[in-house]
Amino acid sequence: MSDTSNPIPWRETPPSAIPPAPPAPRVDAAPTQAYPGAAPSYSPPPAAPAYGYAPSQPPYGATSQQQQPGYPIYGGQYVPAPRPTSGLAVTSLICGIAGVVLFWLFLPMLASIVAVITGHMALRQIKADPSLGGRGMAIAGVIMGYVMTAFLVLSVAITLISIVFFGAFALPFIFAS
């Protein structure tokens with residue numbers, strides 16, 4: 001800290017190691033006038049590349065291989081890899097959606113039961129292995145499966161009740177003839 005040879009103590013490199021500033025760009029396209037008071041004329045702009053040829057500049061977002069003087073090249077940001085999704089969670093979601101969309105058939109009611117079972121299996125698998133994703137899909141599949149299973153139980157109960165009560169009133173009319 002007692003070095004007195006460096007006039008600026010916070011600078012690490014000596015002033016001779018810093019490159020000089022680049023020269024200012026030259027302007028060749030000065031306006032010219034044919035006579036005093038006339039509108040100035042400028043040189044035409046450079047021609048655009050013809051159709052089908054590659055542009056001279058890299059496209060937006062592309063990295064340039066040349067470094068501008070005085071500007072460092074920065075690396076890209078670190079983006080973590082996405083977590084793999086549990087296959088059971090995907091199965092639960094698909095079966096739950098199939099049970100909701102095709103509720104008027106008998107087979108999707110079985111899909112709702114499969115959605116509940118695979119959804120609980122997926123939640124257990126995701127809890128045991130935190131590197132797996134898909135918890136939201138498993139929960140959605142479980143909810144849709146429970147709702148459609150409750151709809152199945154309710155529709156079976158209503159069907160049985162209607163057969164028992166309305167069938168009892170219809171039996172005398174069937175056997176009377």
Side-chain angles (χ1 to χ4, degrees), residues 10 12-13 19 22 25 44-177:
W10 59 82
E12 297 291 327
T13 60
Y51 182 72
Y53 290 100
S56 61
Q57 292 182 340
Y60 178 76
T63 58
S64 175
Q65 296 299 328
Q66 295 177 342
Q67 180 178 2
Q68 298 294 326
Y71 296 102
I73 296 178
Y74 292 100
Q77 294 179 343
Y78 172 71
V79 178
R83 297 187 310 175
T85 304
S86 170
L88 289 170
V90 174
T91 304
S92 173
L93 182 66
I94 290 173
C95 289
I97 291 172
V100 170
V101 172
L102 303 171
F103 69 93
W104 47 274
L105 295 173
F106 179 70
L107 187 61
M109 296 302 172
L110 295 177
S112 297
I113 295 170
V114 171
V116 170
I117 293 170
T118 57
H120 282 293
M121 289 171 59
L123 288 173
R124 187 178 329 122
Q125 182 185 29
I126 292 168
K127 187 176 182 181
D129 187 7
S131 67
L132 286 176
R135 183 173 182 267
M137 286 190 278
I139 291 172
V142 167
I143 290 172
M144 286 188 283
Y146 275 132
V147 167
M148 294 314 293
T149 303
F151 182 72
L152 170 67
V153 169
L154 185 65
S155 64
V156 167
I158 289 174
T159 303
L160 289 177
I161 290 172
S162 65
I163 288 174
V164 167
F165 287 112
F166 296 120
F169 294 118
L171 283 178
F173 296 110
I174 293 174
F175 292 117
S177 52

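The chain is numbered in sequence order, starting from 1.
Among residues two or more places apart in sequence or in another chain, the side-chain hydrogen bond (donor to acceptor under 3.5 Å, both in side chains) test is passed with Thr159 by none. The side-chain contact (heavy atoms from CB on, under 4.5 Å) test applied to Ile94 returns Val90, not counting sequence neighbours. Not counting sequence neighbours, Thr85 has no partner by the side-chain hydrogen bond (donor to acceptor under 3.5 Å, both in side chains) test.
With values rounded to the nearest 0.5 angstrom, Arg83 atom CZ is found 8.0 Å from Ile126 atom CD1. Summarising the geometry, atom OG belonging to Ser92 is positioned 7.5 Å from atom CG belonging to Leu123; distances are rounded to the nearest 0.5 Å. Distance check: Met148 CE to Ile143 CD1 gives 14.0 Å after rounding to the nearest 0.5 Å. Thr118 OG1 to Leu93 CG: the interatomic distance, rounded to the nearest 0.5 Å, is 9.5 Å.
Smallest separation of non-hydrogen atoms from Gly141 and Ala115: O-CB, 3.7 Å. Pairing each heavy atom of Cys95 with each of Val114, the nearest pair is SG-CG1, 3.8 Å.
Within the structure, ring pair (Phe, Tyr, Trp, His ring centres under 6.0 Å) pairs that include any residue of residues 81-102 do not occur (at least two apart or interchain). Residues in residues 148-157 take part in no side-chain hydrogen bond (donor to acceptor under 3.5 Å, both in side chains) pair, two or more places apart or across chains.
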Let me check something: any side-chain donor-acceptor pairs from residues 132-140 under 3.5 Å, sequence neighbours excluded? List them with distances.
none

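Using a 4.5 Å heavy-atom threshold, the side chains of Ile117 and Met121 count as touching.
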